Each structure stands twice: as C-alpha cells, then as structure tokens.
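A short write-up of the structure that comes next.
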Amino acid sequence: MPATSSPLVAHLNEAQQRAVTLPAQHALILAGAGSGKTRVLTTRIAWLLSQGDCSPANILAVTFTNKAAKEMVARLTAMLPINTRGMWIGTFHGLCNRLLRAHHRDAGLPQLFQILDSADQLAAIKRLLKTLNIDDEKFPPRELQHFINAQKEAGLRPEAVEAWDDYTKRRVELYREYEAQCQRESVVDFAELLLRCYELLERNEPVRRHYQGRFRHILVDEFQDTNVLQYRWLKLLAGGEPPASLFCVGDDDQSIYAFRGAEVGNMRDFEREFHIQEVIRLEQNYRSHGNILDAANAIIRNNAGRLGKNLWTESGAGEPIRIFEAFEDKDEARWIVDEVQQLVREGALRADIALLYRSNAQSRVLEHALFSAGIPYRVYGGLRFFERQEIKHALAYLRLIANPDDDTAFARVVNFPTRGIGARSVEALQEAARTWNTSLYAAVPHLSGKPGTSLGHFVRLVENLRRDTAKLQLPELVDHVLDASGLRAHYQAEREGRERLENLDELIAAAANFVAEAQADTDALAADHALLADFLAHASLEAGEHQADQGMDAVQLMTVHAAKGLEFDAVFLSGLEEGLFPHENSIQDPDGLEEERRLMYVAVTRARKRLYISFAQSRMLHGQTRYHPRSRFLEEIPEGLTRWLTPQHPRSFAQESSRGFYQPPRGAFSSRAATPPAPKSTQELPGGLRIGQLVAHARFGKGVIIAAEGSGSDARVQINFGDAGVKWLLLGVAKLEPC
DNA sequence: GGTTCGACTATTTTT
DNA sequence: TAGTCGAACC
C-alpha cells in the first residue's frame, strides 16, 4: 500500500507525511511553531507499528516534560487499538530512573535510592559546607550547585574536570565531597540520574547491548533543548549493531533554555554526525493568522546561524497586530484589562486569553488591575504540589522509612514537629556522623550522654514507622505516617494550617492514585516498601500541577517561557521595553540577545487570532521608577502588519543609540540616565522640536532632547548635553538651535 | 525554640 | 517594592 493512501497519514500534509513514513533511518525534523509536531511524532510511532516490522517494545520516545510524555501516550492510545505498555515513553529523567532501578547493582546504587530535587540538592550542599566548615560566603551554595550540575551535564566527574585556578580546584574538591556524601546517603540528584545512567550503559556491555538491541526506534521531542549529556546518551543507545533509528524533532528557533544547559548546536551536530541527507521542514502552520506569522518570521530573520525555516498558513492574513504605548505600567495594565473586558463582551472565553510577560515580577501590576476589575485570572508559576512545605515534610518521613540514611530527609524532620532537638544536638550528631563515617541516623547510637535521649526517641519513631507500615497499602501508609509523626497534629494546632491539612489529605489521594496507575502497569512490587520508593521517585520527578483552580474560566497569566507549547486566541504581550525584553542581562552578549529574540518569536507565535503588544514609558521596578525605550523587537516587525493604537513616536536618543555603534554604559536604564516619558500633552513641541532631536545651546553645547513637559509658556524640555549633564530648560527662555 | 527585625536582592525553569 | 534569609533577641 503506498504510504499516502494509508488512513493513518491521509489527513497529513505532504511534509508531515514524508516525515511519518520515512524508512528506518536517522531523521531530523525541523518543526516550526504550530506545525503539528506532536501529531507527527505520534503518527510516526503508529506508522512504524502498522508496518509490522517492529513491536511496541522496540520503541523509545523521549520528552522533556511529563506533560509532553503523557500527551503522547494519550494520543497514541486514541490512535491505536494496541496497548502502549511495552513502549518506553517518558522524560529523560524518568527513563534513566527506570533503567537505574532495573540495574541498580550494576550502577552502584541500592535499590531504594532516593531522588533529590533541586531544593533537596541545595539543602544537601549547604549541609555539606557546614560539615566541612567551609565559608559559604566564599562558596555560595547556589553557585556551587550550578557548578556541580554543569559538570555533570557536560558528562564530567570530578577527576575529569580541568581546573587551573585555585578557586576552581577547590570547587572540584567540593564536587568530589558532594558526590561522596550522596553516595553515603544513597541519594541521586537530577543530573546524576542522567550521568549515572549514561555511565552504566557505557561501561556495562551486556546491559548496553540489551537496550541497544531492544530499542530499534528512538524518537526525541524538543531536540533543541537537549544538553550535551542527553545527546551523548541518545547516541550511545542508538549506537548498537545494527544502529537504531534516531528520529529527532525540534525547532532551533524555539531554543530558549540555553541558560540551563540546552545546546542548540546538538541539532547541527546531529545532522553532521548522523549524515542526515535531508532535513524535513514542517513549515505549514495550523495555529496563527498570516500577519502574526509574518511578524514572527520577520523577527527571527534577524538571528544568524539558523537552520532556516519560514512559517506559512492557508488561513488569511487576519487582523493587524495591535500596538499600544502606555504612559506607565499601571496604564498599560488598565488598558489590557479594558481590552480583555471588551473581548469577553464580544464572546471570547477568558481561558482563551493570555497575558504574557518576560519576567515574573511583571505579573503584579497585571494581577492588581485584573483583581480590581473583578476578572478571574490564573497565574502559572510558583510553588507546585510536591514542593509545598507540608508535603516535603511528609515526604521526608516517607523517605526515612524507605532509607533511614537519607540525611537530607533526616535533617528536615528530626525536629519537625519540634521535639526538643535543637541545633546543638544536631551539630553534635553531625560531628559523630563524621567521625564514624556514617549517616546521621546511624550515628545516633554513637552519641553518649544527654543529647542521646530525644534523638533516641526520634530514631525509635522512625523504627516504629518502618515496622508499623511494612504491611500497609501505600495510601494507608501515608495516612499512618501523617498521624504518627505528629505532622497532622502540628498543622491542626496551627492557625493557618487548614490549607496545609487539605494538602496532606491530597497527598494520600495522590498515593491512592499512584497505586491505581501502578497496578494498571505491569510492574510487580518486589521488595518491601518498593512501591513506596516508586512513589517517592514519582514525587521528585513530577512536582505536580502549578496550583490554582483549573475549572474556572480565567485569563491566563504566565511568562513567555511558561507559554512555550501553548496557544491562545488572543495574546497580550506586555512590557516590550529595552532592558525588560530583551532583558538587560542579555543585551550585551550577542548570543544572549539572540536567545531573547527566539523568546520573542515564541511569544508571538502563541497567538491564534489576535496579538496585542504593549510597552510603557515608565515602570516601577525594584522600588524605583525606571524609563525604558521601547524594545528593538518592535522595530523588527514590518509596519504593514501593525496598527498603532497610540501615536507612534519616533524612537528617542536612547533607543537609537542602544543598537548599533553606541553601547550605553551599564545602568543606562536607571532613572537618572535615561529617557523620562514624553507626556501626551506635548507630543509636538513648539518650534518644530521633537524628542530625540539634536539641538545646540550657547552654554552647554550640543545635546539631545530626551523629554518634555508642560505647555505654553511653561513648556520645558529635558536635554542630555553629555559632559555638561542633563538639564531641564524652559523653551520660552533657552535659545535652542536644531542641528 | 520561636519570633522579630533588618539586610539583602531582584530573568527565564524542568527534571 | 516585596519577599526571603539569617542573626539577634525574648
């Protein structure tokens, strides 16, 4: 049967069909925003299976987020009558966890090893520094955490890190100590999951051969987001004899995670190293109207070194992009709220409207305006379920049941709820643990004298928990721990404890849910508390939903990063100002600026029908009023695509000079040095002057008009005379010559 | 052992 | 401005 006549691919466009029906070979699919990427990925799997020469067990599909993995499974289940159970579909971390559990001995880990999330890792590092008596001013824990993760993500163990200066040498030493601590405590951080798994496959030939033989087709989602180690991991798995087919889908233009190690260069490397003959481009967009796509294309064209791609659509041009200039951030927010209300009056669903911004701090003004207007809204970001304090406490007790040597968990709850074990006792215990080279838990018997008693109680509590829960089902186990640990009583006594108690109950529900899903899967439980360990891994690997009432029809607020992969009928993109978007920390560096531009590209392509872009002349930031010129990205949108809702002022001094030859000094965006707002009342200044104009003054020399206010005989302008400083001059008094 | 006060800091974030 | 964190204090 010819490929195109198969019902599986009949509804796909030509490029999609080509991608889906490729023979078993390596492939790179450049999938533009809204081009049906997930559809291609899932249909490809279905296609492979329908061809009859591979079984579900031969498929490995890798994603970055649990959400993406779940969606893939859901779509596949809808598409295929078969069960997806034999397939390995999951996140890099989830799959590595699975491999490490299955081969824990070969990987040098106990079966019930625990997974540290970022917060746990940071706590572990702080504890390490304390034990080693190291000044955390000189080695800031966060920075050290970043250093360690960066090494691991580059595939480097301490002995492989090149260190020339003393500072780096010292950090490498701490990396080594940190590793030893983790090993002692049987815990593994996120980066370690990947590195350990990579090393397992690399060093253990039978294991490697087994998986290389099993996975005939490896499919990768969001390939542009892979880091060095993830790419190596993929190469290793695909590098059997015969090799598996690597099917990578990605979009270099949507690479916005370089700051956390993503390596866009992997796409080029893949193309070269795997001799990809033909990169398939999915350029037909099914999401946005033409004007929006044209704007996105025009913006991203300013980036160098792209793999190249141009989005197009069959739907019409649609509406122009609306641009609004506000006096200050509050006005911007008010205007957005007015427009939102108008849209809702016209019948739009609030949930189809998104308010996007570059950084979280910007949400405050918007929330305030929405709240005042009584519009329901939902903010993405912030604490997630498994990151909540009370949940973390409960999990710490559960972790001690699974593994009492988990010092992070031990330290977290040894005195919570308080049971008279103060900092002194813990310090003494840490000292003992160090001398005897044991975990905190195991060090308790070594302590003699008075501090032993309350610590002894705690150890007995953990022992009892282990014993009493051995025969319990997971939800009952959790329930028992909440009571026996005193957590429930603690929050019951607390005034504001109501919500926390509800969350604890929610944890029991989550456990029940987990058991139900685990039973649906085949995996039988082997050791005691094995299911508990699985549940704990699940809690670490999947921090859960981003809060909030989902049911309600609410306007969606989020950062541009968080919006990646989502789409909305109407998108408001606010704060399009130099220093904010592009962010000032990225402006100096060409690569940073290109990543900001990709971020802008992502933002624009979120909109289906209507896109609003706004900026404010002044904005409250860090307790200071700051004046930012409008973003250069606005200038990159062709004029024919936009409609200014406010008069379009020419770009001012700072705007012109911030690009090209003149780099403003650092801090140029602070209130002192930059451009105050041009008041609406004096947009056209007397005498044919305008903001941004170069003028000459008899005493101060040449300068640029950067602001104006007042009218009539009161009209004043602010001029930046360079060396002579910034002055306010009365137009009626000062003699200014345009030049 | 818990509270309060002042200093400090301030993109983007999944696993 | 506002939120977090650590140290001093009760």
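The structure presented is a predicted model; accordingly, all values stated were derived computationally and were not measured. Here is the naming used below: chain letters follow the sequence lines, and residue numbers restart at 1 for every chain.
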For atom [atom1] of [X] and atom [atom2] of [N], their distance in whole Å:
X        : N      : atom1 : atom2 : value
A:Asp329 : C:dT1  : CG    : C1'   : 11 Å
A:Glu427 : B:dG1  : CD    : P     : 13 Å
A:Leu122 : B:dT15 : CG    : C1'   : 16 Å
A:Gln624 : B:dT9  : CD    : P     : 15 Å
A:Asn149 : B:dT14 : CG    : P     : 15 Å
A:Glu222 : B:dT13 : CD    : P     : 15 Å
A:Asp117 : B:dT14 : CG    : P     : 12 Å
A:Gln362 : C:dT1  : CD    : P     : 18 Å

Any non-hydrogen side-chain atom of A:Tyr178 less than 4.5 Å from a side-chain atom of A:Ile148?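 Sidechains of A:Ile148 and A:Tyr178: in contact.
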Give a yes/no verdict on a cation-pi contact between A:Arg378 and A:Tyr380, requiring under 6.0 Å between NZ or CZ and the six-membered ring centre and an angle within 45° of the axis.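 A:Arg378 over A:Tyr380 ring: yes.
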Does the cation-pi check pass for A:Arg399 over A:Phe410, that is, NZ or CZ under 6.0 Å from the six-membered ring centre and within 45° of its axis?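 Verdict for A:Phe410: no cation-pi partner in A:Arg399.
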Over all strands shown, is A:Ile421 touching base, sugar-phosphate only, or nothing at heavy-atom distances under 4.0 angstrom? sugar-phosphate
Look at the side-chain N and O atoms of [X] and state whether any lies under 4.0 Å from the OP1 or OP2 oxygen of [N].
X        : N      : result
A:Arg364 : C:dG3  : yes
A:Ser118 : B:dT13 : no
A:Arg142 : B:dT9  : no
A:Asn66  : B:dT14 : no

Among [options], which is the nearest nucleotide to the side chain of [X]?
X        : options               : result
A:Arg260 : B:dT14, B:dT15, B:dG1 : B:dT14
A:Arg384 : B:dT14, B:dG1, C:dT1  : B:dT14
A:Met620 : C:dT1, B:dT15, C:dG6  : C:dT1

Taking B:dT11 as the reference, what is the distance to C:dG6 when you measure between their C1' atoms (whole Å, please)?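 Result for the C1' pair: 25 Å, nearest Å.
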Name the orientation class of the two ring planes belonging to [X] and [Y] (parallel below 30°, tilted from 30 to 60°, perpendicular beyond 60°).
X        : Y        : result
A:Tyr257 : A:His561 : tilted
A:His538 : A:Phe514 : tilted
A:His393 : A:Phe416 : parallel

Per nearest nucleotide of DNA chain B, the residue lying toward the 5' end, A:Lys67 or A:Ala423, is A:Ala423
Using the closest heavy atom to pick a nucleotide of DNA chain B for each, name whichever of A:Leu541 or A:Gly420 lands nearer the 5' end. A:Gly420
Nearest-0.5 Å distance that lies between atom CZ in A:Phe327 and atom CZ in A:Arg334: 11.5 Å
Identify all pairs in which a protein N or O lies below 3.5 Å from an N or O of nucleotides 10-12 of chain B, and state each distance.
from: B:dA10; atom 1: N3; to: A:His622; atom 2: ND1; distance (Å): 3.4
from: B:dT11; atom 1: O4'; to: A:His583; atom 2: NE2; distance (Å): 3.3
from: B:dT12; atom 1: OP1; to: A:Asn360; atom 2: N; distance (Å): 2.8
from: B:dT12; atom 1: OP1; to: A:Asn360; atom 2: ND2; distance (Å): 2.9
from: B:dT12; atom 1: O4'; to: A:Arg358; atom 2: NH2; distance (Å): 3.1
from: B:dT12; atom 1: O2; to: A:Arg358; atom 2: NH2; distance (Å): 2.6

Could you check A:Val571, A:Leu356, A:Leu611, A:Val560 and say which one makes a side-chain contact (heavy atoms from CB on, under 4.5 Å) with A:Val604? A:Leu611
